[in-house]
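Predicted model only: the values in this text are computed from it and were never measured.
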Amino acid sequence: MIGSIINMDLREDSIRLESLQATSRNMSSSSSAFFSANQSPFFSPRSSTCQLSESTRSDAQCNSINLSADPPSSSSGIQVPECLAEVGFSGFQKFDHMPSTTLVASGIRSSYDHMGDNGYNVPIAKHRKHMRNHYMSFSPVPISLSSNRRRSYDVYIGLHGRKPSLMRFTNWLRAELEVQGVTCFVSDRARFRNSRKHELMERAMDVSSFGVVILTRKSLRNPYTIEELRFFSSKKNLVPIYFDLRPGDCLVRDIVEKRGELWEKHGGDLWVLYGGLEKEWKEAVNGLVRVDEWKLEAQDGNWRDCILQAVTVLAMKLGRRSVLEQLTKWRDMVDKEEFPFPRNENFSGRKKELSELEFILFGDITGESERDYFELKARSKRKKLTVGWSKSSLAEERHRASGSRKGKEPVIWKESEKEIEMQSFERQHYQRPKGGQNSRRKRSKKTVYGKGVACVTGDSGIGKTELLLEFAYRFHQRYKMVLWIGGESQYIRQNYLNLRSFLEVDVGVGNSIDKSRIDSFEEQEEAAISRVRKELMRNIPFLVVIDNLESEKDWWDQKLVMDLLPRFGSETHILISTRLPCVMNLEPLKLSYLSGVEAMSLMQGSIKDYPSAEIDALRIIEEKVGRLTLALAIVGSMLSELPINPSRLLDTINRMPSRDILWSGREVHLLRKNTFLLQLFEVCFSIFDHADGPGSLATRMVLVSGWFAPAAIPISLLSLAAHKVPKKHNGTQFWRKLLHSLTCGFSSSYSKRSEVEASSMLLRFNLARSSTKEGYIHFNELIKVYARKRGVTGAANAMVQAVASRGSLSLHSEHVWAACFLLFGLGNNPKVVELRVSELLCLVKQVILPLAIWTFVTFSRCGAALELLRVCTDALEAADQAFLTPVEKWLDKSLCWKPIQTNAQLNPYLWEELALLRATVLETRAKLMVRGGQFDIGDDLIRKAIFIRTSICGQNHPDIIAARETLSKLTRLLANVETHTSS
């Protein structure tokens with residue numbers, strides 16, 4: 001059975017281990033450099049190797065020129081033409097390591113010298129201005145300067161300017177083309193004063209199949225952009241991208257006569273500014289009009305679409321049909337799975353918070369936020385601003401602080417109606433511990449702007465997820481994809497590794513490049529995480545949203561969550577929501593309550609003409625529910641769905657009896673002090689029960705939801721669990737009459753509800769929210785906590801039984817894990833569910849064994865899988881001991897001559913099945929131990945499995961023969977280890 005579930009080739013492990021005894025040959029310095037280059041996370045899988053001859057090294061050092069911009073380089077997998085190979089590369093000082101390559105752009109250079117073992121870079125000591133030059137660094141790409149040099153490029157990308165948004169866009173475009181195997185050459189020729197370099201770049205233009213020219217408002221006054229337009233137009237391979245322009249803006253007469261708001265400032269006789277010829281300038285601009293086939297516009301809200309369209313057009317013209325198929329497949333996946341929730345079309349307020357998040361992540365504000373209501377001003381200055389990951393980064397920030405801003409400057413946000421001051425916080429630098437476990441981390445005390453990471457904190461139900469969701473929808477075009485991760489400590493690592501499907505990364509075991517040794521379980525887990533992290537550290541921007549981060553440490557091994565994330569300052573941005581007061585070294589954005597006007601609008605809904613007395617009742621309700629956004633939304637839905645006014649609803653909630661609940665735990669603090677909110681929940685349940693009878697399906701779905709994982713729940717699975725919860729009606733005659741008067745007209749249109757109708761009711765009353773996955777709904781953690789504390793009999797058992805009967809690893813593995821937590825009490829969690837032996841056997845066979853193997857093999861989560869199998873073994877052993885305990889019955893006592901029997905004797909077939917399943921789990925654990933080199937533990941486990949099976953099945957059973965073969969291989973592996981250790 002195990003052979004069909006998991007394919008563990010022990011012979012391969014034996015060969016790998018035996019190869020450890022062979023003497024490894026010495027590697028040359030060039031081979032060492034080649035190896036370190038391939039290990040860098042910034043090299044794409046399609047990158048060619050980089051080998052520098054001694055003559056090339058000396059030439060590069062001799063020809064290194066001190067310029068504000070760096071010399072030209074090829075893109076990923078490109079061999080530099082012979083004419084370009086002679087260019088000196090500034091910054092190549094240590095050739096024993098893989099050098100950081102550069103692109104010919106406006107002040108663009110790689111910000112990475114070499115990579116550390118953990119995937120984080122050590123920044124070069126080149127000081128740049130903090131805000132303007134943040135997006136001016138392109139990731140290093142391998143260059144081969146061997147004799148076999150490539151003579152052409154697929155795409156030449158020309159640009160002009162230092163605007164951070166322009167740099168970010170160009171960075172993304174180049175990286176996206178490289179991923180698809182399109183070779184690129186990027187250049188901002190205006191930054192160079194050396195005629196030799198200009199000659200080399202002109203040759204690069206000539207050997208390129210297509211010319212992409214990124215046009216901005218200042219491009220048409222740049223002689224090199226005009227030359228590029230004329231050159232590629234003459235070859236009929238020009239692909240213009242209008243960055244902050246539109247095709248209709250580039251008309252010669254409008255520019256020269258300064259017509260329109262745009263050219264009134266930037267127009268005129270632009271050729272005069274650089275001493276050019278009017279005829280050539282007009283020829284270049286008129287050439288844009290003649291390009292009818294490709295008119296790509298990169299406006300503030302369509303970056304993603306523009307870049308994908310550009311890649312599609314270029315791939316089509318280059319004959320890369322496979323690229324078109326990949327992009328089509330990727331678009332379909334993004335449309336279905338990018339966002340966890342649909343956009344809230346009624347979202348209002350939070351303008352200040354959204355703009356502040358934009359400023360924290362990007363370092364600037366664009367579009368409507370800048371045009372409508374914000375003006376940034378600097379005030380008092382402080383010294384010793386320190387932000388970064390290492391000493392070099394610390395020195396860099398100090399240089400920026402002293403050279404540009406002289407310290408962290410508080411920022412004032414000015415709005416059209418009122419002034420909002422955004423505080424800045426003095427913080428220390430965060431450093432990774434170097435001295436071991438007892439080393440202390442230095443806590444940062446400063447808000448980081450423009451570093452690509454932001455954190456939002458606030459109470460449960462205040463609207464953190466709504467804010468992050470709205471931000472993601474507003475700015476999703478600035479990223480290739482929004483990657484949404486649940487931040488609950490027990491699930492965050494699995495959620496992080498689930499990104500493999502979006503990033504097209506293999507994180508499974510057996511994906512190690514080094515076959516000469518067996519990695520430990522810790523090394524395999526770190527390698528899987530590193531593969532995901534390296535993909536996020538490329539120049540392709542992603543937005544990683546970590547919603548509801550519970551702890552700074554992972555629940556399984558207490559490692560820092562920061563170790564999962566890419567370095568701060570990369571193109572990928574990190575957005576975190578949490579209830580913690582402070583996360584890592586970040587000063588969070590503390591989310592406050594909605595303003596009075598916004599809260600009133602949320603509660604009123606579609607009804608806007610309440611009299612003053614009803615408005616006062618709404619204000620009382622707002623104060624009593626703690627001004628929580630979740631509660632306000634529930635009140636608004638009740639007023640919209642029921643024929644009831646605010647004052648009567650307030651009276652109904654006040655008269656609703658409160659339940660006696662034993663409160664404990666940190667997460668229930670908010671509920672314990674807010675009894676009015678609990679009464680509001682109970683009113684909702686009573687309305688559901690009145691509409692659908694006592695113990696309505698909708699009520700039971702809410703109550704059983706508390707035991708599911710913090711992820712979207714399939715309605716079918718939730719309904720199945722709810723049907724297993726016994727109905728119970730505690731209402732009195734008084735409440736039945738009261739609710740009947742409240743819901744008259746409401747219940748008449750609702751009869752017995754199916755699961756779809758019950759879930760629809762939950763959505764309409766805002767007790768649940770819809771998911772982008774069809775047939776799924778999601779519950780707020782505040783409601784789930786109350787559902788657990790309410791203590792409905794059999795709810796947890798119903799959830800486990802539903803998962804056991806209809807659970808799917810591929811569709812909802814989070815809920816399968818939640819069932820395991822309830823059944824086994826992993827870690828310090830108590831056991832909540834007790835199953836009969838027959839139910840336990842069914843769950844282990846159908847759920848637990850497949851889950852453990854799938855988790856181990858597919859995600860390299862070795863520790864979690866092995867721990868699950870260990871506690872499963874303990875549970876089976878406890879059940880086995882219970883079977884061997886003598887059972888006394890009153891009938892046996894009356895018949896004194898009848899011996900006392902055990903459960904094993906009373907149920908022999910069930911006991912044999914239990915014992916054989918226990919042997920199967922032991923054998924599975926033994927085979928998994930081999931994958932981490934723990935042969936001694938595996939040997940002990942397989943011997944126990946053989947003993948159990950021999951006792952039941954005899955010596956010649958096929959499973960026993962297979963187990964003995966496994967034992968012999970383990971014995972040989974152990975002997976090899978001992979031989980290698982002794983030698």
Side-chain angles (χ1 to χ4, degrees), residues 40-42 111-112 115-123 134 139 357 360-362 387-390 393 427 429-433 441-444 447-457 468 471-472 479-489 491-500 502-503 505 507 525-578 580 582-589 859-861:
S40 173
F42 296 94
S111 61
Y112 320 108
M115 300 301 302
D117 294 337
N118 58 358
Y120 291 93
N121 67 299
V122 181
H134 169 62
S139 66
L357 286 178
I360 293 174
L361 290 179
F362 294 99
V387 179
W389 290 86
S390 59
S393 179
R427 304 169 70 174
H429 168 62
Y430 172 85
Q431 277 187 326
R432 294 180 174 274
R441 291 182 300 145
K442 296 181 180 180
R443 286 288 185 175
S444 179
T447 301
V448 182
Y449 296 101
K451 287 294 184 180
V453 57
C455 180
V456 178
T457 184
L468 267 59
F471 181 89
Y479 305 94
K480 180 173 182 179
M481 189 175 183
V482 176
L483 304 173
W484 198 282
I485 299 175
E488 292 77 14
S489 59
Y491 302 93
I492 185 171
R493 179 169 297 188
Q494 181 64 57
N495 294 336
Y496 183 79
L497 292 175
N498 284 340
L499 300 180
R500 69 186 180 94
F502 303 114
L503 302 176
V505 179
V507 297
E525 291 193 19
E526 176 57 34
I529 293 173
S530 179
R531 292 183 200 117
V532 176
R533 185 173 59 221
K534 287 176 182 178
E535 287 299 316
L536 295 175
M537 292 170 69
R538 299 186 187 276
N539 277 340
I540 297 178
F542 292 93
L543 176 61
V544 179
V545 180
I546 303 179
D547 189 25
N548 191 27
L549 181 65
E550 286 186 343
S551 173
E552 294 187 46
K553 296 182 178 180
D554 182 72
W555 182 87
W556 291 94
D557 54 13
Q558 298 301 305
K559 291 184 178 180
L560 292 175
V561 173
M562 178 180 284
D563 294 337
L564 302 176
L565 306 179
R567 58 176 177 78
F568 296 168
S570 65
E571 299 297 332
T572 293
H573 290 172
I574 311 295
L575 188 55
I576 303 172
S577 70
T578 181
L580 301 174
C582 184
V583 174
M584 296 180 286
N585 62 334
L586 304 174
E587 185 68 34
L589 171 63
F859 298 98
S860 297
R861 292 192 61 205

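- With S489 contributing its side chain and W555 its backbone, the two residues share no donor-acceptor pair below 3.5 Å.
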I'd like to know whether R500 forms a side chain to side chain contact (heavy atoms under 4.5 Å, CB included) with F859, so could you lay out the CA-CA distance, the side-chain angles of the two residues, the decisive distance to 0.1 Å, and finally the verdict.
CA-CA 9 Å; R500 69 186 180 94; F859 298 98; 3.2 Å; yes

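- In terms of heavy atoms, A454 sits closest to I360 at CB-CG2, 3.7 Å.
- Atom NZ of K553 sits about 14.5 Å away from atom CD1 of I492, to the nearest 0.5 Å.
- Rounding to the nearest 0.5 Å places CZ of F542 at 5.0 Å from CG of L503.
- To the nearest 0.5 angstrom, L575 atom CG is 8.5 Å from C455 atom SG.
- Between V456 and the options L357, I576, D547, a side-chain contact (heavy atoms from CB on, under 4.5 Å) holds for only L357.
- Put simply, the residue from R533, R493, R531 that forms a salt bridge (Lys or Arg N to Asp or Glu O under 4.0 Å) with E526 is R533.
- Side-chain contact between Q494 and R861: present, with at least one pair of heavy atoms (C-beta onward) separated by less than 4.5 Å.
- Taken from CD1 in I540 to CE in M537, the straight-line distance is 14.0 Å, to the nearest 0.5 Å.
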Where do F471 and L361 land on the side chain to side chain contact (heavy atoms under 4.5 Å, CB included) test, with the steps shown first?
CA-CA 11 Å; F471 181 89; L361 290 179; 3.4 Å; yes

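- Checking side-chain atoms of S860 against main-chain N and O of V507 turns up a donor-acceptor pair under 3.5 Å.
- Under the ring pair (Phe, Tyr, Trp, His ring centres under 6.0 Å) criterion, Y496 pairs with no residue at all, not counting sequence neighbours.
- One distance of note links CG of L536 with CG of L499; it measures 6.5 Å at 0.5 Å rounding.
- Nearest heavy-atom pair, L580 versus S551, reported as atom, atom and distance to 0.1 Å: CD1-CA, 3.9 Å.
- Ring pair H573/F362: centre-to-centre distance below 6.0 Å.
- Inter-residue side-chain proximity for P566 and T572 is flagged as met; some heavy-atom pair is nearer than 4.5 Å.
- Atoms CD1 and CG, on I529 and L564 in that order, are 5.0 Å from each other to the nearest 0.5 Å.
- Inter-residue side-chain proximity for T578 and E550 is flagged as unmet; no heavy-atom pair is nearer than 4.5 Å.
- Pairing each heavy atom of I546 with each of G487, the nearest pair is CG2-CA, 3.8 Å.
- Judged as a side-chain hydrogen bond (donor to acceptor under 3.5 Å, both in side chains), and not counting sequence neighbours, T457 has no contacts.
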Just do the side chain to side chain contact (heavy atoms under 4.5 Å, CB included) check on I485 and V545 with the steps written out, would you?
CA-CA 6 Å; I485 299 175; V545 180; over 6 Å; no

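- D554 and Q558 share no side-chain donor-acceptor pair at under 3.5 Å.
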